[in-house]
Number of protein chains: 2
Amino acid sequence: MATAKINEFEKEAIYLADIAKALSHPARIQILKILTEMDVCMCGDIVELLPLAQSTVSQHLKELQRVGLIKGDIDGPKVCYCVNPDNLNKAKKEFEIIFNLYTCKGAKSCRTKKK
Amino acid sequence: MATAKINEFEKEAIYLADIAKALSHPARIQILKILTEMDVCMCGDIVELLPLAQSTVSQHLKELQRVGLIKGDIDGPKVCYCVNPDNLNKAKKEFEIIFNLYTCKGAKSCRTKKK
DNA sequence: ATCGTTCATCGTAAATATACGATAGATAAG
DNA sequence: CTTATCTATCGTATATTTACGATGAACGAT
């Protein structure tokens, strides 16, 4: 079976993996950058900056929204997207735990671990 | 086509997305923690700590190796896996760029961006 | 009421990812 | 040499992801 056994893992690992999944496509990384670095928020503007069709960009925006990294503000027929600072910060802190694991534990290496 | 248009994005975004992809499964997050927090390095030991078959764990280890987050040291019939500190640190720094985007730019919000 | 703009969703096709059992390779131990 | 141990790989089944065009829904403007 290819049914991912997602629920049999640790809660924190599931959360981190889910955020990582949202970041696992270059289009979504670039969308995050666009939303913060440029004065742009509309789906149509983002489409012009990426080599993707409008429907595809919409899907990517949906995925970023799913994990809460961005939010959309309906403004008439338009939707203004922006980063959700609280959730971005939460994700940042959780990722730091992973990335700091090694440095915190000191220089364990393959060699020293051998049998 | 579902051929990911991976190469039409920015180099840095491609790199970040690739690392994120390697972290996008809870098993791989837990493997990283196991390799750093516990005195464990062998595939078989990891299998016992996860709800997955040996062949599946081997696949996950391969994916983490592919992006360089871990490395495997062949030791007879065994393989001793460990975190690659240099690459983990590089990934950490690249992710910080993304996660710090918002805070560096100040409190832009959907509201202020409207039209 | 109609038209244009903006975006989400549907349907669909192809690629990738996840998972397992079975098997093969490499080496240490006997 | 044979056996046991450890791991990678193969084959396979299913689920998910990526991508597009077409369509529909929501709203402002005319």
Side-chain angles (χ1 to χ4, degrees), chain A residues 1-9 13-14 17-18 20-31 35 40-48 50-67 70-82 110 113-115, chain B residues 1-9 13-14 17-18 20-31 35 40-48 50-67 70-82 110 113-115:
Chain A
M1 316 150 235
T3 328
K5 297 177 141 190
I6 292 276
N7 291 326
E8 300 179 37
F9 296 95
I14 294 169
D18 204 35
K21 186 155 73 79
L23 298 174
S24 71
H25 194 290
R28 294 196 287 269
I29 297 281
Q30 281 187 227
I31 287 172
L35 289 182
V40 155
C41 71
M42 276 165 40
C43 178
D45 297 332
I46 298 169
V47 170
E48 286 175 21
L50 296 178
L52 296 171
Q54 181 266 324
S55 58
T56 307
V57 171
S58 189
Q59 277 186 337
H60 284 306
L61 287 166
K62 194 181 177 186
E63 173 68 7
L64 286 171
Q65 241 180 332
R66 182 185 66 79
V67 297
I70 67 173
K71 54 186 174 181
D73 232 31
I74 295 172
D75 177 22
K78 309 174 189 175
V79 176
C80 182
Y81 286 99
C82 67
C110 281
K113 269 191 181 177
K114 257 194 191 172
K115 174 80 121 316
Chain B
M1 317 150 235
T3 327
K5 299 176 140 191
I6 292 275
N7 292 325
E8 298 179 38
F9 295 94
I14 294 169
D18 204 34
K21 188 154 72 78
L23 298 175
S24 71
H25 194 291
R28 294 194 288 268
I29 297 282
Q30 284 186 224
I31 287 171
L35 289 181
V40 155
C41 74
M42 277 165 39
C43 177
D45 298 331
I46 297 169
V47 170
E48 287 175 22
L50 296 178
L52 296 171
Q54 181 267 326
S55 58
T56 307
V57 171
S58 188
Q59 276 186 339
H60 285 306
L61 287 166
K62 193 181 178 185
E63 172 68 7
L64 286 170
Q65 239 181 334
R66 183 185 64 81
V67 297
I70 67 173
K71 55 186 172 182
D73 231 31
I74 297 173
D75 177 21
K78 311 171 187 177
V79 176
C80 182
Y81 286 100
C82 66
C110 282
K113 271 190 179 177
K114 256 193 191 171
K115 172 83 118 321

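Everything numeric in this text was worked out from a predicted model, so none of it was measured. Just so we're on the same page: letters track the sequence lines, and every chain starts at 1.
Atom pair Glu48(A):CD and dC7(C):P shows a separation of 10 Å (rounding to whole Å applied). As rounded to whole Å, 13 Å separates atom P of dA28(C) from atom CE of Met42(B). Atom-to-atom, CG of Asp75(B) to P of dA28(C) comes out at 8 Å; the value is rounded to the nearest Å. What separates CZ of Arg66(B) from C1' of dA17(C) is a distance of 12 Å, to the nearest Å. Lys78(B) has its NZ atom 11 Å from the C1' atom of dT27(C), to the nearest Å. Rounding to whole angstrom units, CD1 of residue Ile31(B) and C1' of dA19(C) are separated by 13 Å. Summarising the geometry, the separation between CG on Leu52(A) and C1' on dG21(D) is reported as 14 Å, rounded to the nearest angstrom. In this structure, NE2 of His25(A) is placed 12 Å from P of dT17(D), rounded to the nearest angstrom.
At least one side-chain heavy atom of Arg66(B) sits less than 4.5 Å from a side-chain heavy atom of Lys21(B). With contacts defined as side-chain heavy-atom distances shorter than 4.5 Å, the pair His60(B)/Leu50(B) does not qualify. Looking at Leu52(B) and Val47(B), their side chains never come closer than 4.5 Å, going by heavy atoms from C-beta outward.
Here the rule is side chain to side chain contact (heavy atoms under 4.5 Å, CB included) with Cys43(A), and of Leu61(A), Val79(A), Ile31(A) only Leu61(A) fits it.
Comparing atom distances between the Val79(B) side chain and each of dA26(D), dA19(C), dT7(D) picks out dT7(D) as nearest. Closest to the side chain of Cys43(A), out of dC27(D), dC7(C), dC6(D), is dC7(C). Each of dT5(C), dT7(D), dT18(C) was ranked by its minimum atom distance to the side chain of Pro77(A); first place goes to dT5(C). Set against dC20(D), dT7(D), dT18(D), the side chain of Gln54(B) has dT7(D) as its closest nucleotide.
Note on Lys21(B): a side-chain N or O is less than 4.0 Å away from OP1 or OP2 of dA17(C).
Rounded to the nearest 0.5 angstrom, Ser24(B) OG and Asp18(A) CG are separated by 9.5 Å. The CD atom of Gln54(A) sits 11.5 Å away from the CD atom of Glu48(A) when rounded to the nearest 0.5 Å.
Listed in residue order, the members of residues 55-64 of chain B having a heavy atom less than 4.0 Å from DNA chain C are Ser55(B), Thr56(B), Gln59(B), His60(B).
Classified by interplanar angle (parallel below 30°, tilted 30° to 60°, perpendicular above 60°), the ring pair His25(A)/Phe9(B) is perpendicular.
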